[in-house]
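Here the structure is laid out as structure tokens; the discussion comes afterwards.
Every chain is numbered from 1, with letters handed out A, B, ... down the list of sequences. Below, each value reflects all heavy atoms present in this structure, side chains not excepted, and no hydrogens, waters or symmetry copies. Predicted model only: the values in this text are computed from it and were never measured.
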Number of protein chains: 2
Amino acid sequence: MAITIKDVAKLANVAPSTVSRVIADNPRISQKTKERVRKAMKELGYHPNVIARSLASQSTKVLGLVMPGSADVTFQNPFFPNVLRGLSESAHEKNYALQMTTGKTDDEIYQDVIQMVHGRRVDGLVLLNSKVDDKIIKFLRSQNFPFIIIGKPYKYEAEISYVDNDNFRAAKEVTEYLLSLNHKRIAFIGGNRDLVLTIDRILGYEKALREAGLEFRDSYIVHAEFLEQGGREAMDELLRLDEPPTALVVTDDLMTLGVLHMLDEMGISVAKQMSIVSFNNVYLAQMTQPPLTSVDINIFSLGYEAAKNLILKIENPKEPIKRIIIPHQLVIRSSCEKLERK
Amino acid sequence: MAITIKDVAKLANVAPSTVSRVIADNPRISQKTKERVRKAMKELGYHPNVIARSLASQSTKVLGLVMPGSADVTFQNPFFPNVLRGLSESAHEKNYALQMTTGKTDDEIYQDVIQMVHGRRVDGLVLLNSKVDDKIIKFLRSQNFPFIIIGKPYKYEAEISYVDNDNFRAAKEVTEYLLSLNHKRIAFIGGNRDLVLTIDRILGYEKALREAGLEFRDSYIVHAEFLEQGGREAMDELLRLDEPPTALVVTDDLMTLGVLHMLDEMGISVAKQMSIVSFNNVYLAQMTQPPLTSVDINIFSLGYEAAKNLILKIENPKEPIKRIIIPHQLVIRSSCEKLERK
DNA sequence: TTGTACGCGTTATCAA
DNA sequence: TTGATAACGCGTACAA
């Protein structure tokens, strides 16, 4: 067996409880004994057993990450490594570890969550699966378990802490940018229409159009579950309209990649014939041809703030509900061109 | 406090140990009491406390993931979500959880590892950081702690379990494919030259050339730390050679994306003027223009097998050292063309 | 087949 | 300032 607190106690000639206090740097221990104990720890190569500590202190110093199902396409999105970076950094600063769900389906994930919570495996949860899972949230609320959402909850918005962008404003600004380039026929290509994210952005888009005195056309709204197949058809439809759009707002760089691909196949030149503004500004936004004008939503910060505030809540249960809005900025590259007035 | 084994015992009129045995499905408990106990568990909504269980059984049912530093570029590679998928699925099947390091620098990660191991936080480790970290491996070996590497260790190869592709063969085949398209001036663009991965692939590439009776030229070997800056210069050099290459072997789709970008800027047409074979075949390989011919290295399987075999080793310490080779296959798309013989 | 009693390595309470 | 001692919730020899 490994070296325990008792071994250290023996060597330092103190009681185990004293050693424990030294570890916690309890101020009521004399400097002398502290040093003596610490020397003993060094000598024996002592390392506290985290599990035992967790059991006794009823806290694990672990954050659970509720990922989208590994089967889910969003799992592949570069968005992920990026939030992870933010979460990691924040967790690391506060000495928390990160543990993730491994489920493939929504139901497996739900079970994972139950295990984590009931099994007392983690102190709090970060929900990353944009598919706002009602069951999970309901469960966590019923258990009064600390959690935070990245993205906006579709329900109980005032009672749940979350970290999000101002998607309404971002979409509005983006649309206004296209309007300023003289575009009037602007289509919107978004993901799942049930996502709050998608809805918020549509609303912003709509608002911009309305303020510009333009009509909002349903035929200009496309929901591509994801690139390829579905997307291609939607794109086809869009271009077959009597008045096809001259500009596109696409809600995800990866989707834009698919759009680029389709436009290429159709022989339509991006920027010259079709302006595109994208969202997320992941690394590949600058690698496409042409490089994408994209809204940087500060993915890293989304993760960083989420973990930070979750930990705050864990360590101080009275911490109020928070809603944290991460700033965004439009990064202009070469996927948009000014439309010459006819 | 939550419901414990004792509460269940009381309700079912048995000893706590009996409840424990029912949980473990011990065959020496009568069907009758099993049912009675299970009913009590349901009634009370009992869930075993994982932490307590870990402490008593000296096993956590958690695998540690040693990630590249979150600052590292490789962290952004779509390779990651993909191994994660494999690791997740495998872990989930065996009821293991996944916990990851959160360190940014190599040194922080090393500390993370020490914490995980000494703190008895995890039962085993999967090393995902291709930068074969000598210190970590040394430490794990000295502790006789179960671990497995994804990729090939650069040292102690025979004494460490790992999961890898046959990178030598893959690179050789890829080169032969280009040779079969009449290319004779084939350059190699790889990552860090210290990586075993890079070395193996260079060797395969060299072998193919040699077998074809072609000379191996140092000037055709480029190590781009990663896309952009460094890559651009290297590319420039390559094209300024007296005999510039007509084909490229690039060891990572993401790097290829950068190469595509540069070629585009230089007005060189991919396939027509420059054939490219890439590695990894991540989702974006089919989204580029043109879609990439790329070696599918079965990233998912790398992760799946790694977790599976690590668990095997954890649960049966006598399990022998293993070296698992995951098959690859060349996926032909449109980034190569036959070179007309002059 | 089931119960008793102790151990896992800490933290925390209460005395001293 | 420090030391006993009792939790924390569960697993498991050993007994019965």
If you find the nucleotide of DNA chain C closest to B/Ala52 and the one closest to B/Ala15, which residue's nucleotide is nearer the 5' end?
B/Ala15

Measuring from the side chain of B/Pro48 (C-beta onward, heavy atoms only), which nucleotide among C/dG9, D/dC10, C/dT11 has the closest atom?
D/dC10

Distance, rounded to the nearest Å, where B/Asn49 contributes CG and D/dG9 contributes P
7 Å

Can you check the B/Lys6 NZ to D/dA6 P distance for me, whole Å?
13 Å

Identify which nucleotide among D/dG3, D/dG11, C/dT11 has an atom closest to any side-chain atom of B/Ile23, counting heavy atoms from C-beta outward.
D/dG11

Verify whether one side chain among B/Glu93 and B/Tyr304 offers a donor that lies under 3.5 Å from an acceptor in the other.
yes

Rounded off to whole Å, could you give me the CD-to-C1' distance for the A/Gln31 and D/dT2 pair?
15 Å

Using a 4.0 Å heavy-atom cut-off across all strands, classify A/Arg28 as base, sugar-phosphate, or nothing.
base

Report the nucleotide, chosen from D/dT2, D/dC10, C/dG9, that has the shortest atom-to-atom distance to any side-chain atom of A/Thr18.
D/dT2

Can a side-chain donor-acceptor contact be found between A/Ser20 and A/Ser17 if the only test is distance below 3.5 angstrom?
no

A/Arg85 charged N/C atom sitting above B/Phe75 aromatic ring, 6.0 Å / 45°:
no

Under the 3.5 Å rule, do the base of C/dT13 and the side chain of A/Arg21 count as making a donor-acceptor pair?
yes

Give a yes or no on whether the ring-centroid distance for B/Phe139 and B/His118 is below 6.0 angstrom.
yes

I want to check one thing: is the phosphate of C/dG9, taken as OP1 and OP2, less than 4.0 Å away from some side-chain N or O of A/Arg53?
no

Less than 4.5 Å apart, any side-chain heavy atom of B/Ile23 and any of B/Val37?
no

Using a 4.0 Å heavy-atom cut-off across all strands, classify B/Ser54 as base, sugar-phosphate, or nothing.
nothing

Find the distance B/Asp25:CG to D/dG11:C1' and express it as a whole number of Å.
15 Å

For A/Asn26, which contact category applies under a 4.0 Å heavy-atom criterion: base, sugar-phosphate, or nothing?
nothing

Counting just side-chain N and O atoms, does B/Ser57 come under 4.0 Å of either OP1 or OP2 of D/dT12?
no

Identify, between B/Ala56 and B/Ser30, the residue whose nearest nucleotide on DNA chain C lies closer to the 5' end.
B/Ser30

Donor + acceptor pair across side chains of A/Thr74, A/Asp72 (<3.5 Å):
yes

Rounded distance in Å - CD1 (A/Ile29) to C1' (D/dG3)
10 Å

Does a side-chain N or O of A/Gln58 approach OP1 or OP2 of D/dG9 to a distance below 4.0 Å, or not?
yes

Distance check: side-chain N/O of B/Ser20 vs OP1/OP2 of D/dG11, anything under 4.0 Å?
yes

What is the distance from NZ of B/Lys61 to P of D/dG11, rounded to the nearest Å?
12 Å

Using a heavy-atom cut-off of under 4.0 Å over every strand shown, decide if B/Ile5 touches base, sugar-phosphate, or nothing.
sugar-phosphate

Take the protein atom CZ of A/Arg120 and the nucleotide atom C1' of D/dG9, then report the distance between them rounded to whole Å.
11 Å

Can you check the A/Lys10 NZ to D/dT2 P distance for me, whole Å?
20 Å

B/Val19 near the nucleic acid: base, sugar-phosphate alone, or nothing, with a heavy-atom cut-off under 4.0 Å?
nothing

For the side chain of B/Ser17 and the base of C/dT4, is some donor closer than 3.5 Å to an acceptor across the two?
yes

